[in-house]
Enquirer: 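Below is the structure I would like to discuss, written out as structure tokens.
Start at 1 with the first residue, then count along the sequence.
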Amino acid sequence: MRHQKTIVYYCFVSKSVSNFVPLHPYYKISFMQKIRNIAIIAHVDHGKTTLVDKILWECKTFSEHENTGVLIMDNNELERERGITITAKNAAVKYRDYKINIIDTPGHADFGGEVERVLKMSDGVLLLVDAFEGPMPQTRFVLQKALQLGLKPIVVINKVDKENCTPDEVHEKVFDLMFQLDATEEQLDFPTIYGSAKNGWMSTDYKKPTKDVVALLECIIDNIPAPKTAEGPAQMQITSLDFSSFVGRIAIGRVFRGVLKTNMQVALIKRDGRILKSRIKDLMLFEGMAKVKVEEVHAGEICAIVGIEGFEIGDTITDIEHPEAMPPISIDEPTMSMFFTINDSPFFGKEGKFVTSRHIKDRLTKELEKNLALRVEQGDTADSFLVFGRGVLHLSVLIETMRREGYELQVGQPQVLFKEIDGHKCEPIEDLTIDLPEEKAGTAIEMITKRKGDMKNMVLKGNRTIMDFEIPSRGLIGLRTEMITATSGQAVMAHRFIRYDRYKGEIQGRISGSMISKETGEAIAYSLDKLQDRGRFFVESGDEIYTGMVIGENSRQDDLVVNVTLKKQLTNVRASGTDDKAKLIPVVKFTLEEALEYIQGDEYVEVTPKSIRLRKIYLDENERKRKSVK
């Protein structure tokens, strides 16, 4: 009797070397294992990551004593803070004798590049739709990409326990949406599962709740096809990457053909056609949230490879004797740009570790390796860069990540990218959906009309109104802040790029001017109190300020230069009322996105690890006047 081969494997559970530990002593794998590769796609906040949590628990991925918390896949600090998924992630579960590879994807349109590249790894998709909201702008975007790739959909109508939800109506809307997107007859014949991911149940009938998500797992096995494999030399396309401080960069992708083996000599085909020789040092498969070492990987599996040097997303790893490239991954073009430059304010270098243009350039170049929807060009000077992306959120996540890593930089006002089509100036148009209380609908319509938006649809659901608009991308800059203020924080907005169309004309920007500091020093409560009737402040008493820094918003249109560093002059004269305490109104504190949307064309946002400040590009008042005359 022949002995069964056993392979020792290890688990990467962290980027830290100290956590690189053995998971089990031995690992036995059958390469004839039944595999299902699925991507979970949906509009933002429809419950993708919560559903992945429940699948991981249902398949007993974790020990009972492990305290994993919620939203296990959102392991990035920024993702947990914002409650959104920013980067696509892989996991794998065992159910019966099947292995299900799961890809959790972002829901925001700004991170659509992540969705587009990882869909190539899957054979089917779980389309999650909220039972109350129904298909939303991003639902249409990600579904269109999946249908174009010929992927088999399973529709999961989530949150059926919500008040005023309409699961049957939502099911019809999903069918209509697929029909509009030219789905094939096979794709239109999709199975539907109903349930509540938060409460941990899925069922084929929303009127009959269950106690687990087994109905969904059975549906995946019955309806998602097994991976298609072709005969021939090995071929794999890199669709994602990971990093470990122990082994360096890790290439992730799906093997479309042949077999990859440890220590195998391979060819790396770059996007420009160049062929580089390389060797696979280690091969790993996904097992739960971890990666496990194996000796070989067959076609149809999603794997991670260590040892390949100089790879980028979209490159092909193939047989060294028969190199054959796969079609490149196509990504939609950016629609917005921002100006990045070094921090040259009087406070530069006080908080950050990386402050030079070389540091910023190296970091942006590194980001290009994994962020396919991003583009970077050199600016007019050696220390400036033009960074192109999908939207304000897409670029602000990059800036926020950089500041947390210790970078200091300054960022200009977001600009949309215009095109000339058939001799006409054209601009990006977006599909905007707003969900808000019924009594606030008139205010929202007025605001969006001023920004050249056209209403396409309006539906009442309970005491809330859902409105659809087509609006230029320019009109979205600063809209979220104004809308949330006007609706007391009750409006929910979502948007996606649809097309380029004729330029709609000028859109009025911020009406109010800025209050600018005249002196460098410390903001004094006495001075702030005396100037409160001129507008609202962004700085508190005791904050360090400098000449040319924007410290508030003027209630009038013009910019106003003020001195808030003056202290009260002490005299021996006392009179009634002169010694009243300063009563300061709470200051406005901007998030990074709000600051980027707030600034005018002649202002920068100064970003450091501990502070977000607004400033004029030209700090000196006389220089600003000379530039405005020109």
Side-chain angles (χ1 to χ4, degrees), residues 15 74-87 106 108 110-111 114 243 245 336-371 373-376 379 383-415 477-478 480-481 538-540 543-546 548-551 587-599 603-617 619:
K15 293 181 181 178
D74 285 349
N75 50 20
N76 181 317
E77 183 188 350
L78 205 53
E79 291 178 321
R80 288 194 172 275
E81 276 183 24
R82 293 169 180 254
I84 59 173
T85 302
I86 294 171
T87 56
H108 272 282
D110 287 36
F111 308 118
E114 288 280 320
F243 180 81
S245 56
M336 194 165 283
S337 71
M338 280 190 204
F339 181 82
F340 283 38
T341 186
I342 58 168
N343 183 13
D344 59 358
S345 81
F347 293 169
F348 82 95
K350 286 188 175 183
E351 298 173 4
K353 291 187 293 182
F354 309 111
V355 296
T356 66
S357 58
R358 179 179 61 81
H359 286 134
I360 295 172
K361 184 178 181 179
D362 290 348
R363 179 62 181 82
L364 291 174
T365 305
K366 182 182 173 185
E367 187 68 22
L368 288 173
E369 292 178 359
K370 59 181 178 180
N371 199 335
L374 200 72
R375 280 211 331 259
V376 178
D383 53 16
S384 64
F385 308 91
L386 279 174
V387 182
F388 302 86
R390 287 281 184 88
V392 174
L393 182 63
H394 181 207
L395 294 169
S396 71
V397 165
L398 167 63
I399 298 165
E400 181 66 36
T401 305
M402 288 175 69
R403 75 181 278 239
R404 289 180 186 218
E405 292 171 358
Y407 287 84
E408 284 192 12
L409 68 154
Q410 295 182 137
V411 187
Q413 186 185 39
Q415 303 289 333
I477 298 173
R480 187 180 297 275
T481 309
F538 307 151
V539 294
E540 296 175 320
D543 286 353
E544 291 290 329
I545 58 174
Y546 56 81
M549 180 173 160
V550 176
I551 58 172
V587 300
V588 178
K589 290 290 184 186
F590 286 119
T591 64
L592 182 57
E593 282 99 76
E594 288 168 349
L596 291 169
E597 292 183 340
Y598 180 81
I599 58 173
E603 295 168 352
Y604 282 153
V605 177
E606 179 190 346
V607 181
T608 68
K610 296 179 183 175
S611 311
I612 295 173
R613 305 184 187 94
L614 310 187
R615 56 159 284 183
K616 288 292 181 181
I617 294 176
L619 298 178

Enquirer: Which of these passes side-chain hydrogen bond (donor to acceptor under 3.5 Å, both in side chains) with Asn343: Arg613, Lys350, Glu606?
Expert: Glu606

Enquirer: Taking all heavy atoms of Glu405 and all of Lys353, pick out the closest pair and write down the distance.
Expert: O-CE, 4.2 Å

Enquirer: Please report the interatomic distance OG1(Thr341) to CG(Leu386), rounded to the nearest 0.5 Å.
Expert: 10.5 Å

Enquirer: Starting from the C-alpha separation in whole Å, work towards a yes-or-no answer on side-chain contact (heavy atoms from CB on, under 4.5 Å) for Val376 and Glu367.
Expert: CA-CA 10 Å; Val376 178; Glu367 187 68 22; over 6 Å; no

Enquirer: Please report the interatomic distance CD(Glu603) to CD1(Ile617), rounded to the nearest 0.5 Å.
Expert: 8.5 Å

Enquirer: Considering all heavy atoms of both residues, which atom of Val387 and which atom of Leu364 are nearest to each other, and what is their separation?
Expert: CG2-CD1, 4.0 Å

Enquirer: Determine whether Val392 and Arg480 make a side-chain contact, defined as any pair of heavy atoms from C-beta on separated by less than 4.5 Å.
Expert: no

Enquirer: Tell me the closest heavy-atom pair linking His394 and Gly389, and the distance in Å.
Expert: ND1-CA, 3.6 Å

Enquirer: Would you call the rings of Phe339 and Tyr604 parallel, tilted or perpendicular, where under 30° means parallel and over 60° means perpendicular?
Expert: parallel

Enquirer: Using the rule given for side-chain contact (heavy atoms from CB on, under 4.5 Å), can you reason through Ile399 versus Met338, listing the C-alpha separation, both sets of side-chain angles and the distance that settles it, and then say yes or no?
Expert: CA-CA 11 Å; Ile399 298 165; Met338 280 190 204; 4.1 Å; yes

Enquirer: Any donor-acceptor pair under 3.5 Å linking the side chain of Glu351 with the backbone of Thr608?
Expert: no

Enquirer: Does the plane of the ring in Phe354 sit parallel, tilted or perpendicular to the ring in Tyr407? Use 30° and 60° as the thresholds.
Expert: tilted

Enquirer: Dump the intermediate steps for side-chain contact (heavy atoms from CB on, under 4.5 Å) on Lys589 and Glu540, then the final yes or no.
Expert: CA-CA 10 Å; Lys589 290 290 184 186; Glu540 296 175 320; 4.1 Å; yes

Enquirer: Determine, using ring centers only, whether Phe385 and Phe340 are less than 6.0 Å apart.
Expert: no

Enquirer: Gln410 and Arg615: side-chain contact (heavy atoms from CB on, under 4.5 Å), yes or no, with the steps?
Expert: CA-CA 9 Å; Gln410 295 182 137; Arg615 56 159 284 183; 2.7 Å; yes

Enquirer: Kindly say whether Gly349 contributes a backbone atom to a donor-acceptor pair with the side chain of Glu408 at under 3.5 angstrom?
Expert: yes

Enquirer: To the nearest 0.5 Å, what is the distance between CG (Leu368) and CG (Leu374)?
Expert: 5.5 Å

Enquirer: Please name the pair of heavy atoms, one in Pro414 and one in Leu596, separated by the smallest distance, quoted to 0.1 Å.
Expert: CD-O, 3.2 Å

Enquirer: Considering non-hydrogen atoms only, spot the tightest contact between Ala373 and Arg390 and give its length.
Expert: CB-CG, 3.9 Å

Enquirer: Could you tell me if the side chain of Glu594 sits less than 4.5 Å from the side chain of Val588, heavy atoms only?
Expert: no

Enquirer: So how far is it from Phe538 CZ to Met549 CE, rounded to the nearest 0.5 Å?
Expert: 10.0 Å

Enquirer: Is any side-chain heavy atom of Met336 less than 4.5 Å from a side-chain heavy atom of Ile477?
Expert: yes

Enquirer: Nearest 0.5 angstrom please: Ile545 CD1 to Ile551 CD1, how far?
Expert: 5.0 Å

Enquirer: For the OG atom of Ser337 and the CG atom of Leu395, what is their distance to the nearest 0.5 Å?
Expert: 8.5 Å

Enquirer: The criterion is ring pair (Phe, Tyr, Trp, His ring centres under 6.0 Å); which residues satisfy it with Phe388, sequence neighbours excluded?
Expert: none

Enquirer: Could you pull out the closest heavy-atom pair between Glu593 and Ser396, with the gap in Å?
Expert: OE2-OG, 3.0 Å

Enquirer: Counting C-beta onward and ignoring hydrogens, is there a side-chain heavy-atom pair between Leu409 and Ile342 closer than 4.5 Å?
Expert: no

